[in-house]
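Can you keep this structure in mind? I'll have questions shortly.
When a residue number appears, it is its place in the shown sequence, counting from 1.
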Amino acid sequence: MLTYREAAQRCIEEALRASGGKIYGEDGAAAALGLKPTTLQSKIRKLGIRREGGEKG
């Protein structure tokens, strides 16, 4: 069984993979998750998720 934190981390990682690491824009991970980009960035930092290809949108 997954904890809430693990489930959130997996969802974010999958959305980032599907968007090629992009957060902003219509095809970004934030839009896929229904979040504001700044909210997603905050969650990424809190969960310690590493993004492939740098930190830019």
Side chains of K43 and L33 in contact at under 4.5 Å (non-hydrogen atoms): no

I'd like a table of donor-acceptor pairs (distance under 3.5 Å, sequence neighbours excluded) in which one partner is a side-chain atom from residues 12-19, with atom names and distances.
{"from": "E13", "atom 1": "OE2", "to": "Q9", "atom 2": "NE2", "distance (Å)": "3.4"}
{"from": "S19", "atom 1": "OG", "to": "A15", "atom 2": "O", "distance (Å)": "3.1"}
{"from": "S19", "atom 1": "OG", "to": "L16", "atom 2": "O", "distance (Å)": "3.2"}
{"from": "S19", "atom 1": "OG", "to": "K22", "atom 2": "N", "distance (Å)": "3.3"}
{"from": "S19", "atom 1": "OG", "to": "K22", "atom 2": "O", "distance (Å)": "2.8"}

Approximate separation, where rounding is to 0.5 Å, of M1 CE and E6 CD: 11.0 Å

